[in-house]
2 protein chains.
Amino acid sequence: MAPRKKPATKYHHGDLRAALLSAAWTAVTKKGLESLSLRSLAETLGVSHAAPAHHFKDRNALLEALRAEAFRRFADAIEAGAKTGELDGMGVSYIRFAMEHPRQMQLMLREGETELGPEVMEQSMRAWQVLVSAVATQIGPTRAADERELHSMALATWAMVHGLAGLWTQVRLPPGVPKSGPDAEGLQRRAIATLLAGVAHPPRR
Amino acid sequence: MAPRKKPATKYHHGDLRAALLSAAWTAVTKKGLESLSLRSLAETLGVSHAAPAHHFKDRNALLEALRAEAFRRFADAIEAGAKTGELDGMGVSYIRFAMEHPRQMQLMLREGETELGPEVMEQSMRAWQVLVSAVATQIGPTRAADERELHSMALATWAMVHGLAGLWTQVRLPPGVPKSGPDAEGLQRRAIATLLAGVAHPPRR
DNA sequence: TCGTCGAACTTGTCATTGCCCAGATTCCTA
DNA sequence: TAGGAATCTGGGCAATGACAAGTTCGACGA
């Protein structure tokens with residue numbers, strides 16, 4: 001039977017750590033990072049205000065774990081988007097993830113107040129590898145053999161999709177620019193296509 | 001002489017509002033947004049903990065004023081960078097501002113928890129206009145006459161520089177990518193140039 | 001079987017912070 | 001110069017993160 005039974009009256013919660021992470025994820029999704037409080041989480045889960053401290057050293061430790069989870073899902077999304085072999089598809093996945101999880105994106109991007117955990121490093125490197133190989137396919141084996149060229153183009157592509165994601169999730173776009181829907185996606189695809197045209201006809205160095 | 005004299009013993013501070021803004025700016029630069037507290041600001045300036053409330057309704061109001069200041073300086077930087085007429089130069093100014101003021105950038109980008117103030121709107125529209133006219137110069141009057149085309153290219157350019165700025169200020173870049181210095185700027189310029197090549201040879205719609 | 005030991009959780013407490021209120025002080029204008 | 005408005009002070013409240021010391025529970029070994 002279930003190794004973790006949690007009758008309401010039980011002293012031990014069963015799996016408080018996982019429960020905290022899950023509750024924190026939805027809380028961040030709904031109310032944002034700032035308003036996430038350990039005490040309110042504890043109350044939600046019906047444990048005392050000090051209970052979370054036994055699973056996360058402090059608030060930042062919880063956020064770090066959340067960030068790892070976000071990176072994991074993000075890398076998954078990128079990888080799935082690249083399955084088609086189209087660089088374009090990966091970019092769209094990137095942007096879509098950002099638009100669907102803006103708060104998590106914000107969490108992922110918070111500049112290193114704490115060192116990045118190994119989990120986060122691993123997942124972000126995974127995403128980077130996916131990007132690089134998609135770009136390699138795009139530019140063909142000859143150019144891809146030049147590692148400087150390859151990385152340069154990968155960085156440009158990354159910047160483009162990252163920028164598009166940032167514009168749509170964080171910036172108040174000028175009037176007339178569609179916030180969402182097929183028009184928005186069309187604009188984004190067009191921007192990516194423009195970059196890819198530049199990648200195909202690279203500027204003289 | 002100085003219209004704002006502030007002997008230590010004076011009951012009225014003289015220009016507490018400006019002093020708060022200035023102190024907040026440097027505090028954000030040094031310690032980041034999160035750790036900015038009204039009470040510590042008040043203590044720094046030698047006033048009581050409730051004094052700031054008479055100049056800023058609440059913490060968010062102070063942040064909004066700070067944000068307006070940031071946008072003002074940002075728009076100035078963009079405008080100066082575009083003076084050369086080179087789209088390229090504007091992009092570099094954009095990225096440089098972000099790299100020199102990462103915390104302010106973070107403040108500027110916080111998605112609208114509060115409505116954007118008129119000052120912020122005005123300054124960001126100013127920056128957008130500068131961008132659009134730089135792009136118009138880039139693509140020539142014929143293509144620029146098509147407003148859809150013009151805005152589309154402007155958006156792509158914006159996304160590129162915005163993305164580059166984000167990568168360098170918020171993201172842990174893969175090993176081998178220079179964090180700063182001429183090499184970093186070279187990579188950024190190369191990415192922009194690649195996009196501009198695409199802008200010059202637009203993909204078929 | 002039983003003791004004991006550690007992990008999980010509790011209550012209690014403290015410092016910090018944002019915000020509100022009542023009152024004191026100073027400034028300015030009519 | 002009188003009175004009102006702006007500015008600032010001090011006190012206080014509730015929420016929060018962090019810490020300390022005690023309590024419950026379960027597992028493991030003698």
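Residue numbers start from 1 in every chain, and the chains themselves are labelled A, B, ... in the order their sequence lines are given, proteins ahead of strands.
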Of the listed nucleotides [options], the one nearest the side chain of [X]:
X     : options               : result
A/S48 : D/dT9, D/dA18, C/dT11 : C/dT11
A/A50 : D/dT9, D/dA18, D/dA20 : D/dA20
A/A51 : D/dA18, C/dC9, C/dG18 : C/dC9

To the nearest Å, how far apart are [X] [atom1] and [N] [atom2]?
X     : N      : atom1 : atom2 : result
A/R39 : C/dC9  : CZ    : C1'   : 15 Å
A/L38 : D/dC19 : CG    : C1'   : 14 Å
A/L36 : D/dG17 : CG    : C1'   : 12 Å
A/F56 : D/dT16 : CZ    : C1'   : 18 Å
B/R17 : D/dC8  : CZ    : C1'   : 17 Å
B/D58 : C/dC20 : CG    : P     : 8 Å
A/D15 : D/dG26 : CG    : P     : 15 Å
B/H49 : C/dC19 : NE2   : P     : 13 Å

### Task
Describe, as an angle rounded to 10 degrees, how the axis at the first end of the helix from C/dT1-D/dA30 to C/dA30-D/dT1 is tilted relative to the axis at the last end, five pairs per end.
0°

### Task
Identify whether any heavy atom of B/L41 sits under 4.0 Å from a base atom; if not, whether one sits that close to sugar-phosphate; answer base, sugar-phosphate or nothing.
nothing

### Message
Need one value for A/L45: base, sugar-phosphate or nothing, where a base atom within 4.0 Å counts as base even if backbone is also close, heavy atoms only.
### Response
nothing

Under the 3.5 angstrom rule, does the side chain of [X] hit a backbone N or O of [Y] as a donor-acceptor pair?
X     : Y     : result
A/K31 : A/L36 : no
A/R73 : A/F97 : no
B/S93 : B/G89 : yes

#### Entry: Test log, rule ring pair (Phe, Tyr, Trp, His ring centres under 6.0 Å), inputs A/H151 and A/W158
CA-CA 10 Å; A/H151 283 182; A/W158 187 9; over 10 Å; no

### Query
Just wondering, more than 12 heavy atoms not from B/E100 lying within 6.0 Å of its CD?
yes

## Note on the structure
Comparing nearest nucleotides in DNA chain D, the 5'-proximal residue of the pair B/H54, A/K57 is B/H54

### Task
Between A/R59 and B/H55, name the one whose nearest nucleotide on DNA chain D is closer to the 5' end.
B/H55

### A/S37 side-chain N/O to D/dT16 phosphate OP1/OP2 under 4.0 Å
yes

### Task
Establish, from distance only, whether the side-chain atoms of B/R126 and B/Q123 form a donor-acceptor pair under 3.5 Å.
yes

### Query
Taking the six-membered ring of B/W25, is NZ or CZ of B/R103 closer than 6.0 Å to its centre and within 45° of its axis?
no

